[in-house]
Amino acid sequence: NAGVTQTPKFRVLKTGQSMTLLCAQDMNHEYMYWYRQDPGMGLRLIHYSVGEGTTAKGEVPDGYNVSRLKKQNFLLGLESAAPSQTSVYFCASRPGHPGPLHFGNGTRLTVT
Amino acid sequence: DAKTTQPPSMDCAEGRAANLPCNHSTISGNEYVYWYRQIHSQGPQYIIHGLKNNETNEMASLIITEDRKSSTLILPHATLRDTAVYYCIVSGTGTASKLTFGTGTRLQVTL
């Protein structure tokens, strides 16, 4: 059981480039989440999904898009990266409410 | 989801109990209290959650006041490896249970 796996672990982008972060979970969880964490701050919710084919906005959705075409995968896209999107991105999943979140180990993204 | 208030930092001597408070005075009846911790820059780790009753597992105990407006996470015998940022979160039922994280309490366990 790998749990929640995030790909890639590190990435450096130039301003304006695009990329997709992949989150995969093997626990058959319904809910999946993308958070970002900036230095010295807590986690802020970007987007989340309560089931295959559904997505919803969190606290800081601007500049990001998501897709949940398969239950086990939740993709986070940056269409035109900006330096303000330099952050650590965490993916999480949970079986449903009130089950706990299971987190991945994060993706460290730097936009220059 | 209700907001929470936690002290920004706390210290605890190794081997002693660490008691981390959380205020959630606007909690509603169907909202659970969750505790997570984050060590260095790793992904947050789930510790425990509860609705009304006190809960205990192999990691910690959760004490929720009778009016549910505050709670305390207890690490019974803190070790250096418990040094981390601890997050208290309140989240309700339904598909929009977003689990919003605040800035947490930085617990420093010392020798």
Side-chain angles (χ1 to χ4, degrees), chain A residues 2-6 9-10 21 23 25 27 29-61 68 86-110, chain B residues 1-9 22 27-53 55 57-60 62 64 68 71 73 84-106:
Chain A
V4 178
T5 303
Q6 293 185 232
K9 292 185 171 54
F10 303 92
L21 282 66
C23 177
Q25 52 95 3
M27 298 172 283
H29 285 174
E30 289 294 331
Y31 298 0
M32 296 187 75
Y33 302 77
W34 275 107
Y35 291 88
R36 63 176 286 176
Q37 185 173 35
D38 300 319
M41 297 182 66
L43 284 79
R44 292 185 291 170
L45 181 64
I46 305 172
H47 286 281
Y48 64 101
S49 168
V50 298
E52 183 179 312
T54 73
T55 63
K57 294 180 180 179
E59 304 169 80
V60 288
R68 183 104 182 265
T86 293
S87 191
V88 180
Y89 291 85
F90 289 103
C91 176
S93 70
R94 65 195 298 214
H97 185 78
L101 285 169
H102 298 255
F103 280 85
N105 287 327
T107 294
R108 281 153 181 76
L109 175 66
T110 301
Chain B
D1 294 338
K3 290 190 176 178
T4 61
T5 304
Q6 298 177 254
S9 64
C22 180
I27 193 169
S28 59
N30 63 358
E31 290 183 315
Y32 283 73
V33 180
Y34 297 81
W35 283 85
Y36 291 81
R37 72 181 183 184
Q38 188 174 27
I39 298 173
H40 296 302
S41 299
Q42 298 173 18
Q45 176 190 24
Y46 165 76
I47 302 173
I48 199 166
H49 74 283
L51 182 62
K52 289 190 253 192
N53 300 322
E55 303 286 345
N57 63 21
E58 65 278 4
M59 288 182 69
L62 172 61
I64 302 174
R68 302 186 70 239
S71 60
L73 179 74
V85 177
Y86 288 76
Y87 296 98
C88 168
I89 300 157
V90 174
S91 180
T93 58
T95 56
S97 50
K98 301 177 191 176
L99 287 101
T100 303
F101 285 71
T103 52
T105 295
R106 182 170 296 278

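For the numbers below, each heavy atom of this structure counts, side chains included, while hydrogens, waters and symmetry mates do not. In what follows, chains carry the letters A, B, and so on, assigned in the order in which the sequence lines appear, proteins first and then strands, with residues in each chain numbered from 1.
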- Message: Taking every non-hydrogen pair under 4.5 Å, which of A:G51, A:P98, A:G106, A:G58 racks up the most with chain B?
- Response: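 Among A:G51, A:P98, A:G106, A:G58, the one with the most close pairs to chain B is A:P98.
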* Output the option from A:G42, A:P100, A:A56 having the highest count of non-hydrogen pairs under 4.5 Å with chain B. =>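 Of the candidates given, the most pairs with chain B belong to A:P100.
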Atom OH in B:Y86, atom CD in B:Q45: separation rounded to 0.5 Å?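 Atom-to-atom, B:Y86:OH and B:Q45:CD are 8.0 Å apart.
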Discussion item. Does A:R44 have more than 12 heavy atoms from other residues, nucleotides or ligands lying within 6.0 Å of its CZ?
Written reply: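 Result for CZ/A:R44: enclosed.
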[X] portion near chain B, given a 4.5 angstrom heavy-atom threshold:
X      : value
A:R108 : side chain
A:Q37  : side chain
A:L43  : both
A:E30  : neither

Name all pairs fulfilling the salt bridge (charged side-chain N to carboxylate O under 4.0 Å, His left out) condition that reach into residues 35-46 of chain B, sequence neighbours left out, sorted by first residue then second.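 Sorted result for residues 35-46 of chain B: B:R37-B:D82.
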Could you label the plane-to-plane angle of the B:Y34 and B:Y36 rings as parallel, tilted or perpendicular, counting under 30° as parallel and over 60° as perpendicular?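 Aromatic pair B:Y34/B:Y36 classed parallel.
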**Asked** In terms of the angle between their ring planes, are B:H49 and B:Y32 parallel, tilted or perpendicular, with boundaries placed at 30° and 60°?
**Response**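 Tilted: the ring planes of B:H49 and B:Y32 meet at 30° to 60°.
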